Structures are given as C-alpha cells and as structure tokens.
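Written below as structure tokens is the structure these notes are about.
Order of the sequence lines fixes the chain letters, A, B, ..., with proteins taken first and strands second; residue numbering starts at 1 for each chain. Just the heavy atoms: all of them, side chains too, but no hydrogens, waters or symmetry mates, feed the values below. The shown structure was predicted, so the numbers you read here are calculated from the model rather than taken from an experiment.
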There are 2 protein chains.
Amino acid sequence: MGITDMIASFILDSLDEADGVLELQRSDLAQRFNCVPSQINYVMSTRFSPERGYIVESRRGGGGYIRISRVQVDRETLLMHVINAIGSALDETSARAIAQNLVNSGALDSNTARLLTAATSHRALIKVSPALRDTVRADIFKQVLLYAV
Amino acid sequence: MGITDMIASFILDSLDEADGVLELQRSDLAQRFNCVPSQINYVMSTRFSPERGYIVESRRGGGGYIRISRVQVDRETLLMHVINAIGSALDETSARAIAQNLVNSGALDSNTARLLTAATSHRALIKVSPALRDTVRADIFKQVLLYAV
DNA sequence: ATCGTAAAGGTCAGAAAAAGTCAAAGATAC
DNA sequence: GTATCTTTGACTTTTTCTGACCTTTACGAT
C-alpha cells in the first residue's frame with residue numbers, strides 16, 4: 001500500500017472517530033507519514049473530492065488548517081446520483097432543468113433552486129471563457145449541492 | 001486558535017453583552033492577551049472592517065480609546081449596499097466574511113449564506129484562471145444576492 | 001498662553017507560519 | 001511499452017505576529 005492510501009485510510013479512521021468532521025494540519029500529517037506536505041494535497045484531491053462525498057476547506061497562514069467533512073449518508077444517497085450524473089461539464093439549460101427536477105422531486109426547495117440557478121447563470125459566468133464555462137458551472141453546481149442542500 | 005481569533009471572539013462576546021457598542025483600550029487588550037499593541041490594529045482591520053459591518057473609531061492621547069460598533073440597517077438596503085460595495089472583484093475570505101456578516105445582521109438566512117459560500121468557494125472556481133477568479137466570484141456573489149433579495 | 005512630557009493610539013515593513021501550485025521524476029498496471 | 005497514478009521538491013501566496021518608529025492628545029509647570 002502506497003503512502004497515499006495509508007494517509008487516506010488514516011483520515012477515514014479519524015473521520016469515524018470524529019463523527020464526520022476532522023480538522024488537521026498539513027505539515028503535521030506530512031511529518032507523521034514522513035512525506036512532503038504537498039502529498040497531502042494530492043491525497044485530498046484524489047481521495048476526498050466532492051464526487052466522493054467530502055467537503056474540504058482550508059486556511060493558510062499562522063494557525064492554518066485543513067478541514068475535511070463527510071456528507072451525511074442520507075444526503076449522499078440522495079445527491080450522489082445527481083452529482084455523478086453531472087460529470088465535468090454542465091450547460092445552462094441543463095442546470096436549470098436539473099434544479100427544476102430536484103424541486104419537483106422534493107429534494108430542493110424552490111428558493112435554493114432559484115439561487116443555484118442564479119449562481120450558475122450565464123450572467124454570473126459571463127467573464128469565464130466560453131471554453132471553460134460549462135466546466136466551471138458543473139463545479140459550482142456540485143459544490144452547492146454538497147454544501148447547501 | 002491563534003491570538004487574532006481569540007481577541008476577535010472576545011470582542012464579539014463583549015459586543016453582544018454591550019448591545020452593539022464597545023469601548024476599550026488598545027494597550028489593556030494587548031496586555032490581556034499578551035501580545036503587542038499593534039496586534040489589536042491587525043484584529044480591527046481584518047475582523048472589524050466596515051466591509052464586515054463594523055465601525056471602528058478611536059482617539060489617541062491620554063484617555064484614548066477604541067470604539068467598535070456594529071451597524072444595523074434594514075435587509076434590502078443592506079443587501080443593495082453590499083452589492084454595490086463589492087465592486088468588480090472579491091476574494092474568497094471577504095466573500096465568506098460578508099456572507100457571515102449578512103447572517104449575523106439577519107439579512108440572510110444561514111442556508112442562503114452556505115449556498116453563497118459554496119458557490120463562490122475556491123474549490124468551485126478552481127478551473128477559472130487565477131487572474132479572473134475574483135472577478136467571477138464577484139459576479140456570482142452579486143447575482144445570487146440579487147435573487148435573494 | 002506656551003511648552004514639555006507622558007500617555008495613548010497608528011503605520012509599516014519584515015519575519016514567521018501555514019497551505020497551494022505545478023511540473024518533472026518514479027512506479028505500476030495493462 | 002505506454003498510459004496512468006504517485007511522489008517529490010522548488011517556488012508561490014496567504015495570513016499572522018512583532019517591533020521600531022510616528023502622531024495625537026491631555027495635563028501641568030512656567
């Protein structure tokens with residue numbers, strides 16, 4: 001088993017103990033596993049991505065941290081399907097449609113849907129280059145579903 | 001938790017007790033937290049800026065003081081003010097702070113704030129080129145606020 | 001009134017403490 | 001063999017903390 005998987009399983013264990021929310025320091029963790037700090041970033045992006053049902057927040061500077069939270073199982077079941085279905089790009093029309101569907105199926109209240117639609121609207125993303133726009137829209141959409149629903 | 005956050009939360013508590021207006025002495029506070037006085041200025045400018053909804057006044061010389069007051073305005077005025085104040089770029093830290101402050105002042109419910117924070121998070125915008133990121137964040141933020149009004 | 005001094009608070013730049021990025025080198029799997 | 005996944009480290013950015021030096025104000029002494 002490589003370092004990445006050891007670190008990942010350590011974090012998984014800690015998450016269990018800590019009831020789903022864990023705050024740690026990148027350099028500590030790196031030291032514990034005897035690897036460079038940037039390895040931790042790799043673990044985060046490959047093992048604790050939103051697609052896998054985790055929220056990762058961090059802060060730099062003195063007293064900085066990395067916080068990992070697991071989304072609730074119930075919610076996970078509810079939303080993972082949608083999040084996975086979205087994939088890596090999402091056009092505006094589909095975004096509206098998905099939001100509307102989530103409202104229809106009771107998974108989203110209509111206010112949230114409205115804001116989600118606003119956040120991923122053409123107007124909000126007008127400055128993003130057209131080539132990237134759908135990708136960014138997908139990221140925002142997924143991030144909001146994970147966090148805010 | 002670093003000194004800055006301890007001082008900030010001490011002030012927040014005192015503000016609550018004191019009904020929104022608080023007068024204190026820089027050197028006292030510094031002594032209480034065992035730090036240099038200029039640390040207090042740092043706390044003021046990073047945690048109690050007007051952007052975050054506070055007014056800080058002060059006076060030098062004998063009997064000098066620092067007065068911190070929390071501003072209260074009605075929801076729509078506040079939202080519009082914020083929308084206008086945001087300008088064309090917004091970094092992630094400020095976005096979070098503004099959202100939190102809008103919650104504190106009752107202009108946003110915490111669900112909306114979470115959504116807003118998620119939609120404008122670093123992770124949601126990671127694919128946007130760094131040069132554009134703060135601009136796009138500002139656009140999304142304003143767009144969502146407009147629909148939240 | 002004026003001046004001097006002590007008692008505040010303000011500024012700014014640099015050091016220190018984190019975390020992030022990215023590309024290249026090394027492994028592994030097929 | 002080659003494509004994908006890991007590992008590493010040099011460099012960057014953000015945030016906090018500190019101290020040396022500056023400005024403003026109050027209060028007495030003259």
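- Although no hydrogens or angles enter the test, the distance criterion places a donor-acceptor pair under 3.5 Å between the side chain of Thr117(B) and the main chain of Ala113(B).
- Residue-level contact check: Ile3(A) touches the backbone only, with heavy atoms under 4.0 Å from sugar-phosphate atoms and none from bases.
- The pair Asp139(B)-Arg123(A) does not count as a salt bridge, with every side-chain nitrogen at least 4.0 angstrom from each carboxylate oxygen.
- Annotation: Glu23(B), atom CD; neighbour count of heavy atoms from other residues, nucleotides and ligands within 6.0 Å is above 12.
- Partners of Tyr42(B) by side chain to side chain contact (heavy atoms under 4.5 Å, CB included), not counting sequence neighbours, listed by chain and number: Thr4(B), Gln39(B), Thr46(B).
- Atoms CD (Gln25(A)) and P (dA18(C)) sit 6 Å apart, rounded to a whole Å.
- Among the protein residues, Gly64(A) comes within range of the sugar-phosphate backbone only, with heavy atoms under 4.0 Å from sugar or phosphate atoms but none that close to a base.
- Residue Asp91(B) contributes atom CG, which lies 16 Å from atom C1' of dG20(C) at whole-angstrom precision.
- Rounded to whole Å, the distance from CZ on Phe33(A) to P on dT8(D) is 13 Å.
- Of the listed nucleotides (dT7(D), dC17(D), dG10(C)), dT7(D) has the atom at the smallest distance from the side chain of Tyr42(A).
- Checking Glu57(A) against Leu24(B), the closest nucleotide of DNA chain C that is more toward the 5' end is the one next to Leu24(B).
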Report task. Do nucleotides 21-30 of chain C as a string where each nucleotide becomes B, S or -: B if the base has a protein heavy atom under 4.0 Å, S if just the sugar-phosphate does, - if no protein is that close. Result -> B---------
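- A salt bridge links Arg70(A) to Asp16(A): one of the charged nitrogens lies within less than 4.0 Å of a carboxylate oxygen.
- The neighbour count for Phe33(A) CZ, taken as heavy atoms of other residues, nucleotides or ligands under 6.0 Å away, is above 12.
- For Thr93(B), the side-chain atoms get nearest to dT15(D) when compared with the rest of dT18(D), dT15(D), dT7(D).
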